[in-house]
Amino acid sequence: MKKQLIAALILIGATGIAQAAGDATAGKGKAAACAACHMADGNSMIPNFPKLAGQHESYIVKQLTEFKAGTRKDATMLGMTAALSEQDMADIGAFFASQSASIGSANAEKAAMGKTIYQAGNKQSGLSACMACHGPAGKGNAGAKFPTLGGQHSAYTIKQLKDFRSGSRSNVMMNDIAAKMSDAEIDASAEFIQGLH
Ligand code: HEC
Ligand code: HEC
């Protein structure tokens, strides 16, 4: 009895660890419904819709799972994920990850403070450097599910940082980071990130 239970637990554990690997070719077809807002190649042209091109598959899957579960709250994305299976999410994630991200541009003057924060944080408020997790060129870290940020629309980045700050989007690391940011620091960081590559 006890042995069977342990065997079952090991099996559940093993299937839990073996995350379905995405198939980018299958994902391309499944992503057709996303093109209206994110564009076919994931390089959204509209600042409120995030660019997905070049984003890590692992991070995309995590976000889609959270939208579907309602733990990341967005009415549009709740609807868009309702019918997606785990395999669909992995395939779509693999497809967008395989696309090359378009490069954005930043106003150097507006981005100056953002560059300092991104690379060195703010010692006075105890704000960590963004670079520590998101990387010097904003490429993030696929294994750790740290998203790629470089080239992202500043309007989207500003909304996310404010959502993390208010707690309406939850993530232990980013809630702590955003809580230490002023509006001016959020605006400047988002401007710098838009031009980062
Ligand atoms: C009607 C417009 C619309 C459509 C269609 C749409 N999305 Fe989105 N998507 C959004 C918006 C708006 C957000 C940002 C939500 C927020 O502010 O948190 C978003 C966010 C996302 C994110 C989070 C990105 C990040 O960097 O955290 C992913 C992943 C995503 N969408 C994937 C998809 C996929 C896959 C589809 C198709 C199955 C899709 N979206 C269809 C509007 C749309
Ligand atoms: C300790 C690691 C860490 C540090 C330092 C950090 N981040 Fe993050 N960041 C994360 C993680 C993890 C996520 C993904 C959260 C999730 O899964 O929803 C994230 C997500 C984000 C997102 C959302 C991206 C998207 O596509 O929706 C933005 C924007 C962001 N970080 C900006 C920043 C900025 C700006 C700084 C510096 C002031 C910073 N981060 C510092 C770990 C970090």
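These numbers come from the heavy atoms of this one structure, side chains and all, not from hydrogens, waters or symmetry mates. Counting starts at 1 for both ligands and their atoms, following the listed order.
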Engineer: Report yes or no: does a heavy atom of K51 sit under 4.0 Å from some atom of ligand 1?
Structural biologist: no
Engineer: Side chain, backbone, both or neither: which part of Y59 comes within less than 4.0 Å of ligand 2 when only heavy atoms are counted?
Structural biologist: side chain
Engineer: Taking 4.0 angstrom as the limit and counting only heavy atoms of D74, give me the atoms of ligand 1 inside it, by number and element.
Structural biologist: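 Reading through ligand 1 atom by atom, the close ones are 15 (C), 16 (C).
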Engineer: Which option wins on minimum heavy-atom distance to atom 18 (O) of ligand 2: M174, R169, R72?
Structural biologist: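 The nearest heavy atom belongs to R169.
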Engineer: Does the side chain of N107 come under 3.5 Å of the side chain of E191 through a donor N or O and an acceptor N or O?
Structural biologist: no
Engineer: Which heavy atom of the protein is the closest neighbour of atom 4 (C) of ligand 1, given with residue, atom name and distance?
Structural biologist: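 It is C37 SG, 3.4 Å.
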Engineer: Look only at interatomic distance and state if Q160 has a nitrogen or oxygen under 3.5 Å from any nitrogen or oxygen of ligand 1.
Structural biologist: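 Between Q160 and ligand 1, an N or O pair is found under 3.5 Å apart.
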Engineer: Considering only heavy atoms from C-beta outward, does the side chain of F96 approach that of Q55 to under 4.5 Å?
Structural biologist: no
Engineer: I'd like to check whether D163 has a polar contact with ligand 1, where a contact means an N/O of the residue lying under 3.5 Å from an N/O of the ligand.
Structural biologist: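 In fact, backbone or side chain, D163 has no N or O that close.
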Engineer: Just how far is it from atom CG of N175 to atom CZ of R165, taken to the nearest 0.5 Å?
Structural biologist: 12.0 Å
Engineer: Could you tell me the residue and atom name of the protein heavy atom closest to atom 28 (C) of ligand 2, and the distance to it rounded to 0.1 Å?
Structural biologist: L149 CD2, 3.7 Å
Engineer: Within a distance under 4.0 Å of any heavy atom of I177, pick out the atoms of ligand 2 and give their elements.
Structural biologist: 4 (C), 5 (C), 6 (C), 38 (C), 41 (C)
Engineer: A side-chain contact here means heavy atoms from C-beta on lying under 4.5 Å apart; do F146 and M173 qualify?
Structural biologist: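 Answer yes - side chains close enough.
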Engineer: Nearest 0.5 Å please: distance from the OG1 atom of T81 over to the CG atom of L78.
Structural biologist: 5.5 Å
Engineer: Give the residue and atom name of whichever protein heavy atom lies nearest to atom 36 (C) of ligand 1, and the separation in Å to one decimal.
Structural biologist: C34 SG, 2.7 Å
Engineer: Where does H134 meet ligand 2, judged by heavy-atom distances below 4.0 Å: at the side chain, the backbone, both, or neither?
Structural biologist: side chain
Engineer: Can you establish whether the number of heavy atoms outside K180 located under 6.0 Å from its atom NZ is more than 12?
Structural biologist: yes
Engineer: At less than 4.0 angstrom from any non-hydrogen atom of K62, what atoms of ligand 2 do you find?
Structural biologist: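 Going through ligand 2 atom by atom, the ones under 4.0 Å from K62 are 16 (C), 17 (O), 18 (O).
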Engineer: Walk me through it: do Q194 and Q152 pass the test side-chain contact (heavy atoms from CB on, under 4.5 Å)?
Structural biologist: CA-CA 5 Å; Q194 184 170 275; Q152 189 57 274; over 6 Å; no
Engineer: Search all heavy atoms of L149 against all heavy atoms of Y118 and return the closest pair with its distance.
Structural biologist: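 For L149 and Y118, the tightest heavy-atom pair comes out as CD1-CE1, 4.4 Å.
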Engineer: What heavy-atom pair brings N48 and A155 nearest, and what distance separates the two atoms?
Structural biologist: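 That would be OD1-CB, 4.1 Å.
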Engineer: Considering only heavy atoms from C-beta outward, does the side chain of P147 approach that of H134 to under 4.5 Å?
Structural biologist: yes
Engineer: Only heavy atoms count here, so choose which of S58, C130, G114 is nearest to atom 38 (C) of ligand 2.
Structural biologist: C130
Engineer: Working to the nearest 0.5 angstrom, can you tell me the gap between S168 OG and R72 CZ?
Structural biologist: 10.0 Å
Engineer: Quick one: angle H38 NE2 - atom 8 (Fe) of ligand 1 - M77 SD, to the nearest 10°?
Structural biologist: 170°
Engineer: What's the shortest distance from atom 2 (C) of ligand 2 to any protein heavy atom, and which residue and atom give it?
Structural biologist: C133 SG, 1.9 Å
Engineer: Give me the atom names and distance for the closest heavy-atom approach of A111 to A106.
Structural biologist: CB-CB, 4.2 Å
Engineer: Could you list the atoms of ligand 1 found under 4.0 angstrom from a heavy atom of I92?
Structural biologist: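 Listed by number with element: 35 (C).
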Engineer: T157 heavy atoms, cut-off 4.0 Å: which ligand 2 atoms fall inside?
Structural biologist: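 Contacts of ligand 2 toward T157, numbered from 1: 29 (C).
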Engineer: Hey, is K73 one of the residues with a heavy atom under 4.0 angstrom from ligand 1?
Structural biologist: no
Engineer: Take N43 and Q99 through the side-chain hydrogen bond (donor to acceptor under 3.5 Å, both in side chains) test and state the conclusion after the steps.
Structural biologist: CA-CA 9 Å; N43 281 306; Q99 301 300 297; over 6 Å; no
Engineer: Below 4.5 Å, heavy atoms only, C-beta onward: do C37 and I46 meet side chain to side chain?
Structural biologist: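 Not touching, per the 4.5 Å side-chain cut-off.
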Engineer: What is the closest protein heavy atom to atom 12 (C) of ligand 1, and at what distance does it sit?
Structural biologist: F49 CD2, 3.5 Å
Engineer: Counting heavy atoms only, which part of P147 comes closer than 4.0 Å to ligand 2: side chain, backbone, both or neither?
Structural biologist: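 Looking at P147 and ligand 2, just side chain atoms fall under 4.0 Å.
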Engineer: Write out the residue and atom name of the closest protein heavy atom to atom 17 (O) of ligand 1, then the distance separating them to 0.1 Å.
Structural biologist: K159 NZ, 2.8 Å
Engineer: Are Q63 and ligand 2 in contact, using a heavy-atom cut-off of under 4.0 Å?
Structural biologist: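 A heavy atom of Q63 does come that close to ligand 2.
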Engineer: At under 4.0 Å between heavy atoms, is it the side chain or the backbone of L52 that contacts ligand 1, or both, or neither?
Structural biologist: side chain
Engineer: For atom 22 (C) of ligand 1, what is the nearest protein heavy atom, given as residue, atom name and distance?
Structural biologist: F67 CE1, 3.6 Å
Engineer: Within ligand 1, which atoms have a heavy atom of A33 less than 4.0 Å away?
Structural biologist: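 What qualifies from ligand 1 is 5 (C).
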Engineer: With a 4.0 Å cut-off on heavy atoms, does P50 reach ligand 1?
Structural biologist: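 The answer is yes: ligand 1 sits under 4.0 Å from a heavy atom of P50.
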Engineer: Counting each atom of ligand 2 from 1 as listed, which ones have a heavy atom of L161 under 4.0 Å away?
Structural biologist: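 Matching atoms, with element in brackets: 32 (C).
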Engineer: Tell me, yes or no, whether the heavy-atom count around K30 atom NZ, taken from other residues, nucleotides or ligands under 6.0 Å, exceeds 12.
Structural biologist: yes
Engineer: Could you walk me through whether S102 and K51 pass side-chain hydrogen bond (donor to acceptor under 3.5 Å, both in side chains), step by step?
Structural biologist: CA-CA 9 Å; S102 60; K51 290 185 188 177; 3.0 Å; yes
Engineer: Would you kindly specify which portion of A144 sits under 4.0 Å from ligand 2, judged on non-hydrogen atoms: side chain, backbone, both or neither?
Structural biologist: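 No part of A144 is near ligand 2 at this cut-off.
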Engineer: Check each atom of ligand 2 against the heavy atoms of A129 and keep those under 4.0 Å away; list them by number with element.
Structural biologist: 5 (C)
Engineer: From the options F146, Y156, F164, select the one whose nearest heavy atom is closest to atom 27 (O) of ligand 2.
Structural biologist: Y156
Engineer: Find out whether L52 and Q63 are in side-chain contact, i.e. whether some heavy atom of one side chain is under 4.5 Å from a heavy atom of the other.
Structural biologist: no
